2 protein chains.
Amino acid sequence: MRDVAALADVSPKTVSRVINGEKYVSAEIVERVHAAMERLDYRHNLAASQLRAGTTSAAIGLILVDISNPFSSTLHRAVEDVFRTRGIAVLSASTDEDAARERAAVATFAARRVDGLIMMPASRDHSYLSADVRAGTHIVLIDRPPAFLNVDSVVSDNLGGAEAGVRHLISHGHRQIGFIGDWPEVVSSKLRYDGYRRALETAGIPIDDSLVARGFSSSADVEQTSRALLLRSDAPTALFVAQNALCAPVIRAIRAHGAHDRVAVVGFDGFEGADLVEPGLTVITQNPLRMGTLAAETLVQRMSGASTTPAMNHVLPTVLIERGSGELPGPFAA
Amino acid sequence: MRDVAALADVSPKTVSRVINGEKYVSAEIVERVHAAMERLDYRHNLAASQLRAGTTSAAIGLILVDISNPFSSTLHRAVEDVFRTRGIAVLSASTDEDAARERAAVATFAARRVDGLIMMPASRDHSYLSADVRAGTHIVLIDRPPAFLNVDSVVSDNLGGAEAGVRHLISHGHRQIGFIGDWPEVVSSKLRYDGYRRALETAGIPIDDSLVARGFSSSADVEQTSRALLLRSDAPTALFVAQNALCAPVIRAIRAHGAHDRVAVVGFDGFEGADLVEPGLTVITQNPLRMGTLAAETLVQRMSGASTTPAMNHVLPTVLIERGSGELPGPFAA
DNA sequence: GTGAAAGCGCTAACAT
DNA sequence: ATGTTAGCGCTTTCAC
């Protein structure tokens, strides 16, 4: 910047003015400074301006369980789109459901003075973030509600969605319904399980824990467990699959067992080709695009200081899409 | 930091030493400084240390066409994993094949003084990056080779993969083979088209441009175009689908036309449930995980200064996976 | 409209 | 093993 100022024969401050598009700079000098910047191949240093200007880094952090999960990457894209137009960079990190990795990511982002944080929490107690909140970092949690921390959040109606999915299976004559889900420690997963239980209880069907499988280490594990379930003498006539990444392996097991036109399935969010399998996978869909956009816009509001209303928990509705697999009749079909 | 130093009754420099884990600090003082940091809720400011220390921002930029595409998000995750263990943050951006957006992203990252850049270029001329290279930013291009710029790159064997896929269809008795691909301006897409042509030429089959559809604005567009192709009196007996995102819409069209056990299909990278459709989708697979890891490791080497060998273009092999759709016999089957 | 001086938070270089 | 001084590149404040 000194060099540019020297070449343009103005003060560094004036160069700064030109760069930041401040008013009250003569057109002629703007011209001259631009020429000098061009000639010297000048690149502005955001770190330096952030340092002096104090506050904002024009960056936010996005912490997800796994940025490569389709739900998460769609959400990520929505967040990017909101911030790109505002000149704000997005830093991202994956936790793999590890609370320690989450803390490490938060610390890294805090050291970079991100202005905001959008996070799908892996930890169960979010009170450790209160220090960051006090330091001025605005936080919006997604997919899972805040615990011991008062911040905005955007979640899907996990309980309601799961309940509707299982009720759907019941209404098609199923009573022996298996549950394949994520680790019970994960809040969204727990809520989906609660929805499953509630639907069964409402219908007066007793819970059979041996039909419930939760938490897997790999796709092979999911497939293996599903197969074991199908091989039982009192095998379930329907399966509720409570997470997107589990759907394909479960269907693989069902097809390997030759039971795809017999065992009903409803998935909580499916996969890209879910409408192309035979029968099509009936799903409870979430809206990751909306979740990302809403979380990002909420954060923008908070960051701009425009919104000082109490923290809010947005709950996005889920939608049941019938494609065939969830409508296979069970033994108690009317 | 001043405050921490005051509270611990040491100089700021000593606090700095403790934070950076430098040698020659007595255990007692380390203790005291840590206590003070804790009490004052101190957070280190990377921007400031970067400014003084000069060089490194401990961040890299990742520019993709669309971070929500499964290929890209898998690659993204691989890149993240390489850099996380090294304490380097990853900034990401999508271009949607828009060269202007690419330039904007590069400029943003340059202002943040990223130490490196991994980019799936949307632009066709990369010479504009030479200024950044001169400024010390190491660049690795992925998916598409560099043009007018001498940097490392990691790409798939697009031509060879496509040729193998089309040859596969020919060997199963097809001669009337359609091509559904991305915009011809996209280099990887062009290479896949070249592979298609080469396979046909090698087999002595004349190219019929009316069987070629390239560049779509939406999934509906893809589906519509595929349907039109299937409705022709001389409809293709096989389709080569040259991009992952196009596969599902094409299959949707084929199924809607009731031709899924008649029209053969080979996809260049499929989608998550591609093995579950009936028949399973035969694909030429790429290896986004390997591509991301290799690109990231190459960048790490360059950034560390350990590697000063000439820039290298890594070509990753593709693998044909037979699942049924590509083995449906054509009219000239043996 | 433009410039001079001071300082953001940190650390390299040089003491001690 | 610890402290002092100076300065990274920018922008705020105030002067002109």
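In what follows, every chain begins at residue 1, and chains take the letters A, B, ... in the order their sequences are listed. Keep in mind it's a predicted model, so treat the numbers as computed, not measured.
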Participant: Rounded to whole angstroms, how far apart are CD on A:E22 and P on D:dT11?
Facilitator: 8 Å
Participant: Return the value, rounded to whole Å, for the distance between atom CG of B:N20 and atom C1' of D:dT2.
Facilitator: 16 Å
Participant: Can you measure B:M1 atom CE to C:dG7 atom C1' for me and round it to whole angstrom units?
Facilitator: 16 Å
Participant: Tell me which nucleotide among D:dT11, D:dC8, C:dT11 gets nearest to the side chain of B:L51.
Facilitator: D:dC8
Participant: Looking only at the side chain of A:P12 (C-beta and beyond, no hydrogens), which of the listed nucleotides D:dT4, D:dA1, D:dT11 gets closest?
Facilitator: D:dT11
Participant: Please confirm whether any donor atom in the side chain of B:R17 sits under 3.5 Å from an acceptor in the base of D:dG3, or the reverse.
Facilitator: yes
Participant: Starting at CZ of B:R2 and ending at P of C:dG7, how long is that distance when rounded to a whole Å?
Facilitator: 10 Å
Participant: Hey, which of these two, B:V15 or A:K13, hits DNA chain C nearer its 5' end, going by closest nucleotide?
Facilitator: A:K13
Participant: Between atom CZ in A:R113 and atom C1' in C:dC10, what is the gap in whole Å?
Facilitator: 11 Å
Participant: To the side chain of A:I29, which of C:dT2, C:dC10, D:dT11 is closest?
Facilitator: C:dT2
Participant: What's the NE2-P distance between A:H44 and D:dC10, to the nearest Å?
Facilitator: 6 Å
Participant: How long is the line joining CG of B:N45 and C1' of D:dC8, in whole Å?
Facilitator: 13 Å
Participant: Any side-chain heavy atom of B:V300 sitting closer than 4.5 Å to one from B:V82?
Facilitator: yes
Participant: What nucleotide among D:dT2, D:dG9, D:dT11 has an atom nearest to a side-chain atom of B:T14?
Facilitator: D:dT2
Participant: Counting just side-chain N and O atoms, does A:Y24 come under 4.0 Å of either OP1 or OP2 of C:dG3?
Facilitator: no
Participant: Identify which nucleotide among C:dA4, D:dG7, D:dC10 has an atom closest to any side-chain atom of B:R52, counting heavy atoms from C-beta outward.
Facilitator: D:dG7
Participant: Check whether any side-chain heavy atom of A:E97 sits under 4.5 Å from a side-chain heavy atom of A:E185, and report yes or no.
Facilitator: no
Participant: I want to verify a distance call: between D:dA1, D:dC10, C:dT11, whose nearest atom is closest to the B:S49 side chain?
Facilitator: C:dT11
Participant: In the structure I gave you, are the side-chain heavy atoms of B:R290 and B:L294 within less than 4.5 Å of one another anywhere?
Facilitator: yes
Participant: Got a salt bridge between A:D66 and B:R77, using NZ or NE/NH1/NH2 to carboxylate O under 4.0 Å?
Facilitator: yes
Participant: D:dG3, C:dG9, C:dT11: which one has an atom nearest the side-chain heavy atoms of B:S11?
Facilitator: D:dG3
Participant: A:M37 CE to D:dC10 C1': how many Å, rounded?
Facilitator: 14 Å
Participant: Any side-chain heavy atom of A:R113 within less than 4.5 Å of one from B:R43?
Facilitator: yes
